[in-house]
Amino acid sequence: MKLIIVRHGETIENVNGIFQGQTPGILSKRGINQAKKVGERLKNEQIDYIYSSDLNRAKHTAKEIIKYHPKLNLNLIKELREHDMGILTGQNKNKLNLEWDDIDLNDPKYKAENYETSMTRANKIIKKLFEKHQNNTVVLVSHGGFMKSLFAIIMKKSREKLKHMEHLGNTSINIFELREDSDHILHLINCTEHLK
């Protein structure tokens, strides 16, 4: 199975340093342009199925991709949502003097979705998709934090090891080949060439 994972376009909340968590998010003008560009980049890709987080910022991005694939249905699923950020949701990271890398979602003080729960959610998605679409090309549109949980499952790494990987750019494209023997292949990671 060819799996293409795309992060949503830039949001107004991203620009303003807001921890969005599972709030909808609104694409900025730049984010709308990024979504259009990722749609153009994937227009010649033979896509069999497309799934998106049901949150507005991901859904809006997915709709720009599907414009070039009118025969496809857009499947919205809650399981592709960003981590629930608990008490950080809606907070300004600059006012809190926090960056993503400073946050340990396993710390109970945040009352957030911990990494174990996130990894369990990611594992269920990958298993279900592979069972249904083993010989297809599937696009997922999701969120930067949760995408790291998906990557951890695919690449057989701990979520903690991927916590400090490079920031995933808005509308970055990530391509994996999922194999029955679980010896999955990474073809492309965090590619934003279409934005240049």
Side-chain angles (χ1 to χ4, degrees), residues 1-21 23-72 74-76 80-83 92-94 99-103 122 129 136-155 157 161-178 184-196:
M1 181 175 113
K2 184 176 183 179
L3 182 62
I4 303 170
I5 306 177
V6 179
R7 186 181 173 209
H8 63 78
E10 178 191 84
T11 63
I12 292 167
E13 293 84 356
N14 289 149
V15 174
N16 292 317
I18 303 296
F19 291 113
Q20 294 171 94
T23 60
I26 300 165
L27 293 190
S28 64
K29 283 185 181 176
R30 184 176 177 206
I32 293 167
N33 189 44
Q34 290 171 338
K36 289 178 191 289
K37 285 185 174 181
V38 81
E40 288 170 20
R41 166 120 183 237
L42 294 174
K43 73 179 177 183
N44 296 320
E45 191 72 46
Q46 178 56 52
I47 299 170
D48 300 301
Y49 297 92
I50 183 167
Y51 293 85
S52 172
S53 155
D54 64 340
L55 297 177
N56 183 64
R57 59 197 191 265
K59 184 168 54 172
H60 190 155
T61 304
K63 284 181 177 177
E64 291 297 335
I65 296 170
I66 213 166
K67 278 182 182 176
Y68 294 97
H69 304 274
K71 291 182 181 174
L72 291 182
L74 178 55
N75 302 286
L76 300 174
L80 284 171
R81 285 182 173 189
E82 182 59 282
H83 296 106
N92 185 301
K93 67 178 188 170
N94 300 320
E99 291 295 333
W100 259 104
D101 287 350
D102 300 327
I103 298 166
L129 286 174
N136 299 123
T137 296
V138 177
V139 170
L140 301 183
V141 182
S142 191
H143 308 267
F146 184 64
M147 283 167 62
K148 290 185 181 182
S149 293
L150 291 168
F151 293 178
I153 293 296
I154 295 167
M155 296 159 67
K157 294 189 182 288
K161 279 201 172 164
L162 291 186
K163 184 178 174 207
H164 298 292
M165 79 177 281
E166 66 180 319
H167 176 75
L168 294 168
N170 289 107
T171 67
S172 61
I173 293 175
N174 307 272
I175 302 177
F176 299 90
E177 183 184 330
L178 302 191
H184 308 312
I185 300 167
L186 169 63
H187 289 286
L188 190 67
I189 194 156
N190 203 18
C191 181
T192 54
E193 285 293 312
H194 51 284
L195 301 181
K196 292 180 179 169

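In this structure the side chain of N33 never reaches within 4.5 angstrom of the side chain of E10, judged on heavy atoms. Side-chain contact between L27 and T11 is present, with heavy atoms from C-beta onward closer than 4.5 Å. Proximity of H167 to R7: side-chain heavy atoms (C-beta onward) are separated by under 4.5 Å at one or more points. With a 4.5 Å cut-off on side-chain heavy atoms, N174 and L150 do not count as touching. Put simply, the side chain of E13 does not reach to within 4.5 Å of the side chain of T23, judged on heavy atoms. The closest side-chain heavy-atom distance from T61 to S52 is not below 4.5 Å.
T171 approaches V38 most closely through the heavy-atom pair O-CG2, 3.6 Å.
Checked against the 6.0 Å centroid threshold, H8 and H60 do not count as a close aromatic pair.
Remark: the Q46 side chain and the T137 side chain contain no N/O donor-acceptor pair separated by less than 3.5 Å. A donor-acceptor pair shorter than 3.5 Å can be found between the side chains of E177 and H187.
A salt bridge does not link E40 to K43: none of the charged nitrogens lies less than 4.0 Å from a carboxylate oxygen. We find that K196 and E193 are joined by a salt bridge, their nearest charged nitrogen and carboxylate oxygen being less than 4.0 Å apart.
Separating the NZ atom in K93 from the CG atom in N16 is a distance of 11.0 Å, to the nearest 0.5 Å.
Applying the salt bridge (Lys or Arg N to Asp or Glu O under 4.0 Å) test to residues at least two apart or on different chains, the pairs with a partner in residues 44-61 are K2-E45, D54-R81.
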